[in-house]
Engineer: 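First the structure, which I've put down as structure tokens, then a few questions once you've had a look.
Just so you know, these numbers use all the heavy atoms, side chains as well, and skip hydrogens, waters and symmetry mates. Letters A, B, ... are given to chains in the order of the sequence lines, protein chains preceding strands, and every chain is numbered from 1.
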Amino acid sequence: MPTAEDLSGFANLETLDSDDLGKLARAGREVSFPAAYRVIQEGQRADRCWLIRSGRISLDAQVSGRDDIVVQTLDAGDLLGWSWLVPPYRWHFGALTTEPVDAVEFDSATLTGLCEDDPRFGRDLILALFEALLARLQATRARLADLYRDPAEFRVSAQLPGTATAETP
Amino acid sequence: MSADVQAQAAAASDTMLPYRVVRRTAPTHDTVTLTLEPVRRAAGRFRAGQFMMLYSFGVGEIAISISGDPTGRGDVLEHTIRKVGAVSGALSSTGVGGLVGVRGPFGTGWDVESAAGGDLVVVGGGVGLAPLRPLVLAALADRGSYRRVVVITGARTPADLLFAGDQESWVRDGSVELHRTVDHPSPQWPGRVGFVTEPLAQLHLDPARTTGFLCGPEPMMRFCAQALLRKNVPGDRIRVSLERTMECGVARCGHCQLGPLLLCRDGPIVTYTVAEPLLGVREL
């Protein structure tokens, strides 16, 4: 079983106090996955989540006629699995280990029970998860903005007819 | 520095000197690295983070950051240029033996020495890694003066990651904690997929002893600076490289004005405390 100290190393949980971390740790179990192991199958029932202690997991999506598309990777310190929080409790993306992974696994029914028994703990846990989710959303938005694109492409699309184009380094 | 010495230094920097291309490599499909040697007289020694005005004869002049080693031969310049317009295209096409006009060095540097004794967090996005390379090389040349050297690089695809060979050697000898991440992976890419803020957010930092160095698109720098601020790294120890159209390089023409700053003189590198209020003004 993981300890509160083990969980204190996760940046996503830094807002939880030691009592809350202890409660969370008692609900978790240590698991290991080999490389190329499918942890999550898209569309299946979402009843768990994981805090990754080491290794890397790729999130992928099935696209007809193409290989699975890797949309993101998760590394040590990241949280895997959000779909257990909200209906319909089905995984929206798949998850495949790209190298051996050690993680702390939580059963969603146990977490839900802890939150219902102690609403203050539940609020703090959900806020911590929300902060992690917000960071992931902002990073995804930044990637959508395609910030590393050639600036000349931006200028061409934004340029009015007949205006000059200044060059910047 | 006295006013006379300052004036002499400014005059020397403002003199265009002929340099010859002695090496030309293409680190990615849209960038070229030119190694330049002086034909007669060399420009003054540069500091990491400074830039040169490079002139392609008959086409024009633009500001280009120096991507070479500031601890190496003082007379050799290295510039990594992305082809985005007429001048950068002409410079990029200059072959070995070709001549380029050089003025500089100009602008503020990263001042990595002031972070001695602490941890360095270096984040470069896209071609923004080019002005950061001299900083990393300077830190590695004096590795004992720093604790952690963390480098986070992001790019559109694995093929767009600059200085791949450098990065592999930095990791091989254990001198750098490297995190590379891309937006769109190739099937063979074994690394991270995501934005640079994600590995940054997972770092356990000692905020009182950390200095951040950020270069890339302005939104990227803003997001990274906010991630560092959330970790209690003070804004005056987060340095960002700002980019506006540089024309004269010597604070005369005003083209590079950003609020009260003339970036060719007061920048391109400023603290986030200085940059933050300016970056929030749409018209600047």
Side-chain angles (χ1 to χ4, degrees), chain A residues 8-15 35 51-61 66-79 93 96 98-99 131-132 134-156 159 164-169, chain B residues 30 51 53-54 60 62-65 79 81-89 125-128 130-131 154-157 160 179 181-185 187 189-199 201-204 216-220 223 226-227 230-231 243-247 255-256 268:
Chain A
S8 67
F10 287 90
N12 290 332
L13 302 178
E14 64 188 9
T15 54
L51 287 167
I52 301 171
R53 301 181 72 173
S54 66
R56 178 168 291 150
I57 292 177
S58 63
L59 299 184
D60 54 24
R66 293 171 60 176
D67 291 336
D68 289 352
I69 297 172
V70 175
V71 293
Q72 185 172 27
T73 57
L74 302 176
D75 287 58
D78 282 323
L79 173 69
F93 291 96
L96 182 73
T98 60
E99 52 189 73
E131 197 169 325
L134 187 62
R136 186 106 31 110
L137 172 66
Q138 304 294 35
T140 304
R141 285 172 167 166
R143 287 173 61 198
L144 276 174
D146 202 6
L147 296 174
Y148 307 132
R149 189 168 67 153
D150 182 345
E153 292 176 37
F154 287 113
R155 282 206 299 273
V156 167
Q159 196 178 344
T165 322
E167 176 153 10
T168 53
Chain B
D30 62 351
F51 68 92
M53 297 299 299
L54 298 189
I62 51 171
I64 299 285
S65 299
H79 291 275
I81 303 165
R82 190 183 205 180
K83 294 171 271 188
V84 296
V87 185
S88 57
V127 78
R156 245 181 157 186
T157 71
D160 294 317
H179 304 271
T181 186
V182 300
D183 288 346
H184 307 290
W189 173 245
R192 282 177 175 267
V193 180
F195 197 55
V196 286
T197 48
E198 293 169 290
Q202 300 300 352
L203 291 178
H204 291 280
E218 279 181 12
M220 185 212 88
F223 299 148
Q226 286 157 10
R230 270 200 300 279
K231 291 179 177 292
E243 188 179 290
R244 293 293 182 276
T245 304
M246 312 279 193
E247 291 281 352
H255 280 88
C256 62

Engineer: To the nearest 0.5 Å, tell me how far B/His204 NE2 sits from A/Glu14 CD.
Structural biologist: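 Going from NE2 on B/His204 over to CD on A/Glu14, the span is 8.5 Å.
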
Engineer: Provide the closest heavy-atom pair for B/Ala201 versus A/Ala11 in the form atom of the first, atom of the second, distance.
Structural biologist: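 Distance-wise, the nearest heavy atoms are O-CB, 3.8 Å.
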
Engineer: In Å and rounded to the nearest 0.5 Å, what is the CZ to CG distance from A/Arg149 to B/Asp183?
Structural biologist: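 It comes to 12.0 Å.
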
Engineer: B/Pro190 versus chain A, heavy atoms under 4.5 Å apart: side chain, backbone, both or neither?
Structural biologist: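 The backbone, not the side chain.
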
Engineer: Which value, rounded to the nearest 0.5 Å, describes the distance between B/His184 atom NE2 and A/Ile69 atom CD1?
Structural biologist: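 Between B/His184 NE2 and A/Ile69 CD1, I get 11.0 Å after rounding to 0.5 Å.
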
Engineer: For B/Thr197, give me all partners under side chain to side chain contact (heavy atoms under 4.5 Å, CB included), at least two apart in sequence or on another chain.
Structural biologist: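 Side chain to side chain contact (heavy atoms under 4.5 Å, CB included) list for B/Thr197, sorted by chain: A/Ala139, B/Phe195, B/Phe223, B/Cys224.
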
Engineer: Give the minimum heavy-atom separation between B/Met220 and A/Leu147, together with the two atoms involved.
Structural biologist: N-CD1, 3.9 Å

Engineer: Would you please name every residue forming a side chain to side chain contact (heavy atoms under 4.5 Å, CB included) with B/Ala130, sequence neighbours left out?
Structural biologist: B/Ser67, B/Thr80, B/Leu162, B/Phe163

Engineer: Go through the steps for A/Gln138 and B/Gln226 under the test side chain to side chain contact (heavy atoms under 4.5 Å, CB included), then give the verdict.
Structural biologist: CA-CA 12 Å; A/Gln138 304 294 35; B/Gln226 286 157 10; over 6 Å; no

Engineer: Go through the atoms of A/Asp67 and report whether side chain, backbone, both or neither lie under 4.5 Å from a heavy atom of chain B.
Structural biologist: neither

Engineer: Mind ranking B/Gly126, B/Gly60, B/Pro268 by heavy-atom pairs under 4.5 Å with chain A and telling me who comes out on top?
Structural biologist: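 When all of B/Gly126, B/Gly60, B/Pro268 are compared, B/Gly126 has the most.
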
Engineer: Identify the heavy atoms of A/Val70 and B/Val193 that sit nearest to each other, and give their distance.
Structural biologist: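 That closest heavy-atom pairing would be CG1-CG2, 3.9 Å.
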
Engineer: Taking atom CG of A/Asp75 and atom CZ of B/Arg192, what is their separation to the nearest 0.5 Å?
Structural biologist: 3.5 Å

Engineer: Set out, in order, the CA-CA distance, both residues' side-chain angles and the distance that settles side chain to side chain contact (heavy atoms under 4.5 Å, CB included) for B/Val182 and A/Tyr148, then state yes or no.
Structural biologist: CA-CA 10 Å; B/Val182 300; A/Tyr148 307 132; over 6 Å; no

